[in-house]
Amino acid sequence: MLEHQPTKRLFAPSTIWQRASMNFKDELNEEQYAAVTAPDGPTLVIAAAGTGKTRTLIYRLAYLVIEKNIQPREVLLLTFTNKAAREMLTRAEDLVNQRFNSGYSGTFHSFANRILRSHAHELKLGFGRDFSILDSDDSKKLMRACIDEIGVEKKHFPKPEVLLSLFGVVSGRMGDLTAAVDEEFEHSDVKADDVIKAHNLYQQKKRDSNSMDFDDLLIYAHKLLAEHERIRFFYQEEFKYVLVDEYQDTNAIQAQLVHLLVQTHGNLMVVGDDFQSIYSWRGADFRNFLEFEKTYPGTQSFKLQTNYRSTPEILEVANEVIAGNPDQFQKELVAVRESAAQPKLAKMRDGSVQARYIIEKARELNRQGMPLSEIAVLYRSHFHAMELEMELNRAGLPYALTSGVRFFEKAHIKDVCTLLQILVNPSNELAFSRLVQLFPKVGAKTAVKIFKKLGGRINLQRPETCADVLAALPAAAKPEWEKIQDIFLAYREENLANDPGEVIFRFVKAFYKEYMIENFDNHKFRQEDIDGLIDFTVKFDSTESFLQEIALLTNLDAENGTAPAEEETRDSIRLSTVHQAKGLEWKAVFILFVNEEMFPSKKSIEESGDAEERRLFYVAVTRAEDELFICSPMVRRQRDGGMIFLDPSRFIAEIPEDMLCLEGGYY
């Protein structure tokens, strides 16, 4: 029986009485119960994969209301997605039969927006409480206007979305913008001073129009709480308890915002898993989680290690792999489920054999009763799945991509392939149009006009045709054309028709690498895709055969009458990067190309070491419930025709041999 019951109830008293006498010990395991019933003060819940993190948070919310007599409106829950917040709050409401969400709980951004609606005018920056929030398109248009106004030479200047992404990451890290701009564009012709000018004008225009973008919500909410003691004290009193989900993914400004909210009472519970911190590239700082006990002296720490998802054999592999990271909270997953099949280590000749192996095993699992939708193929980078996509289409096996965009339909892949298309087919107007629209001052209408002016057939292997195109292009586009026209002439003279990878390589080196830096905020990942594509072309003895194969691949769905959106409802194998798979689970998981320089990624290791790559592999392993297949091909052909031998990943070397069932002989 409760010692105190509020006078107003939203549900019938009989229901309240039933919920109020709930025995938390019956609902939770010992680890969860200890965390849920933790006394006041800073609390760190280290929740390993599949251990009931969400359940623990929900019952903590209920415990505060039922056992601590806290009003639901006095509890603030912060998450990274609205969906997660709604799910947790709804389930907590079912437990206590009271409305939990007062409008403040939710994502960090929704919380920031709520308090700015009451206090934005107190910033004295020109914002009113009726400020507008710019959506992505509005932000791009405003940034474009700023670029135009400062009169920058746009031929070599980043697109608005590239700048906005950079500004967002820097503000989230509370970093030095000038230093970040210098680093980002050090290998391009972009002038850092112009970027700073554009940023400053963008900030001013937002203030003048009483508008904020998504990043501003956190920036100005933090500014309010940091600089206005009265407002800070009000919200510290308003929210007597603060709970934060996935705390390992917070950036600097989010962690500071939380710190300001709990300074007076210290009633902060954060839940997360440092083993699953994989988003440093977008500003997340797992040190917020690792150093929580230093930031909040007197912290009570709890570990959730009882795993309900995977078999003991899969968890043994996960434990061995992640143990190689020194800077982390050491913990070991403990299985609840009974023993089952050992994870498989499949060694095969190359990527094509790997693809056929996966298809064979997927069909076998399907015959045994496993739906295709319970089978996932995970990979470090998109280009790792190229051969698998082709083989799945040939086999008629349905599949769906988490990204929704198939590899050969991605913008940067289509861009570099369009050069090959116009070389092979001089009458391909679409290819010519796509190519020249990459250049400054060339739009769709100008491209069509040039194509028709030159007679509707543009044979770029002829020097005079290249000269005609150059003459027809706008002045701003001419220097860009001159960078690549030698490739067209070399196509015939050096017999590059039999080496499509070399054509793409030269195009990227002469023009497209700079284009990516200025037009894509994730240009490093796109470069990896293109590098993989170049190596992939060695499977084909001519440019024509390569283009025919990818054309057939991208058109198969249309022939089958299947739209991308319909893939979600079909019984389909799931293809996903590991990043996009976080938080999901499947009965069977295949991990592709578990080889040195592929998984772990060579570029990531060069930039920041292998710790986050190891966490990424841990995430991949712990997505599997019943069956795990680790694939490690032995060779890859390179664009120069040579063969490169692949070493098994260091992550495989860290797993004791007796924990894996070796499957070899696939050639």
Side-chain angles (χ1 to χ4, degrees), residues 108-109 112-113 116 120-121 123-128 131-227 250-257 279-285 440 476 514-526:
F108 283 90
H109 289 88
N113 175 58
L116 286 167
H121 61 288
L123 289 166
K124 308 297 183 187
L125 293 173
F127 295 112
F131 66 89
S132 299
I133 299 177
L134 301 176
D135 62 20
S136 176
D137 190 53
D138 291 334
S139 297
K140 291 175 189 174
K141 288 177 180 176
L142 184 59
M143 179 58 75
R144 170 56 63 198
C146 294
I147 293 169
D148 291 341
E149 189 169 324
I150 64 175
V152 69
E153 171 54 59
K154 284 181 285 187
K155 185 172 70 173
H156 289 296
F157 199 73
K159 276 191 173 182
E161 51 266 41
V162 173
L163 294 182
L164 291 169
S165 175
L166 176 61
F167 298 159
V169 170
V170 173
S171 68
R173 290 174 174 163
M174 303 179 78
D176 183 321
L177 181 60
T178 301
V181 169
D182 288 339
E183 180 181 354
E184 181 70 14
F185 301 114
E186 64 177 332
H187 299 301
S188 74
D189 293 334
V190 176
K191 295 179 180 177
D193 288 346
D194 288 337
V195 174
I196 300 300
K197 286 178 185 176
H199 171 267
N200 293 341
L201 184 57
Y202 177 65
Q203 298 301 109
Q204 185 60 52
K205 282 186 177 291
K206 285 185 293 182
R207 291 193 291 267
D208 292 345
S209 61
N210 191 28
S211 302
M212 297 186 193
D213 64 19
F214 209 52
D215 298 318
D216 290 331
L217 297 176
L218 296 184
I219 292 169
Y220 291 125
H222 175 266
K223 186 176 180 65
L224 263 178
L225 295 179
E227 298 179 3
T250 55
N251 59 28
I253 200 167
Q254 290 164 336
Q256 283 296 311
L257 198 60
Y279 296 116
S280 63
W281 49 275
R282 69 184 189 195
D285 189 346
E514 176 87 6
Y515 178 88
M516 283 193 292
I517 292 173
E518 296 167 4
N519 288 272
F520 300 123
D521 59 351
N522 59 348
H523 60 88
K524 292 180 181 178
F525 294 103
R526 294 178 189 252

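As a basis for the values below, the full set of heavy atoms in this structure was taken, side chains included, without hydrogen atoms, waters or symmetry mates. The model shown is predicted, which means the values in this text are computed figures rather than measured ones.
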Inset, instruction - Could you check if a side-chain atom of Phe214 sits within less than 4.5 angstrom of a side-chain atom of Leu134, using non-hydrogen atoms only? - result: no
Legend entry - Glu184 side chain vs Leu166 backbone, donor-acceptor pair below 3.5 Å: no
Inset, instruction - Could you verify whether a donor N or O on one side chain and an acceptor N or O on the other, from Asn200 and Gln204, lie under 3.5 Å apart? - result: no
Inset, instruction - Establish, yes or no, whether a centroid distance under 6.0 Å links the rings of His121 and Phe127. - result: no
Inset, instruction - Enter the distance from Met212:CE to Ile219:CD1 here, rounded to the nearest 0.5 Å. - result: 10.0 Å
Inset, instruction - Give a yes or no on this: more than 12 heavy atoms of other residues, nucleotides or ligands lie within 6.0 Å of atom CD of Glu183. - result: no
Legend entry - Ser171 (side chain) donor-acceptor with Phe167 (main chain) under 3.5 angstrom: yes
Inset, instruction - Might you point out which heavy atoms bring Asn210 and Gly126 nearest each other, and give the distance in Å? - result: OD1-O, 4.0 Å
Inset, instruction - Start with the C-alpha gap between His222 and Met174, add the side-chain angles, then the distance that decides, and say whether side-chain contact (heavy atoms from CB on, under 4.5 Å) holds. - result: CA-CA 11 Å; His222 175 266; Met174 303 179 78; 3.7 Å; yes
Inset, instruction - In plain terms, say whether Asp137 and Lys141 are close enough for a salt bridge, that is, a side-chain N and a carboxylate O under 4.0 Å apart. - result: yes
Inset, instruction - Would you indicate whether the side-chain heavy atoms of Asp189 and Glu514 approach each other to under 4.5 Å? - result: yes
Legend entry - Closest approach of Ile150 to Asp194 (non-hydrogen atoms, all atoms of both residues): CD1-O, 3.6 Å
Inset, instruction - Assign the ring pair Phe520 / Tyr515 to parallel, tilted or perpendicular, where the plane angle (0 to 90°) is split at 30° and 60°. - result: perpendicular
Legend entry - Asn113 side chain near Phe131 side chain, heavy-atom distance below 4.5 Å: yes
Legend entry - Rounded distance (nearest 0.5 Å) linking atom CG of Leu257 with atom CG of Asn251: 10.0 Å
Legend entry - Interatomic spacing from CG in Leu116 to NZ in Lys223 - rounded to 0.5 Å: 12.0 Å
Inset, instruction - Mark yes or no for whether Ser188, through its side chain, and Phe185, through its backbone, hold a donor-acceptor pair below 3.5 Å. - result: yes
Inset, instruction - Provide the closest heavy-atom pair for Phe108 versus Leu218 in the form atom of the first, atom of the second, distance. - result: O-CD2, 3.8 Å
Inset, instruction - Determine whether Val162 and Glu518 make a side-chain contact, defined as any pair of heavy atoms from C-beta on separated by less than 4.5 Å. - result: no
Inset, instruction - Report yes if the side chains of Pro158 and Val190 come closer than 4.5 Å at any heavy-atom pair, otherwise no. - result: yes
Inset, instruction - Output yes when Lys206 and Asp216 qualify as a salt bridge under the 4.0 Å nitrogen-oxygen rule, no when they do not. - result: yes
Inset, instruction - Mind checking the CD-CG spacing from Gln256 to Leu225? Nearest 0.5 Å is all I need. - result: 11.0 Å
Inset, instruction - Kindly give the heavy-atom pair with the smallest separation between Ala192 and Asp182, and that separation in Å. - result: CB-OD1, 3.2 Å
Legend entry - Gap between atom CE of Met143 and atom CG of Asp148 - 0.5 Å precision: 11.5 Å
Inset, instruction - Please round to the nearest 0.5 Å and tell me the distance separating atom OG of Ser211 and atom CG of Leu142. - result: 7.5 Å
Legend entry - Lys197 atom NZ, over 12 foreign heavy atoms within 6.0 Å: no
Legend entry - Residue pair Leu163 / His199, side-chain heavy-atom distance below 4.5 Å: no
Legend entry - Contact summary for Asp215 and Gly168, nearest pair of heavy atoms: OD2-CA, 3.2 Å
Legend entry - Non-hydrogen atoms of Lys205 and Cys146 that approach each other most closely: CD-SG, 3.5 Å
Legend entry - Any side-chain heavy-atom pair of Val195 and Phe157 under 4.5 Å: yes
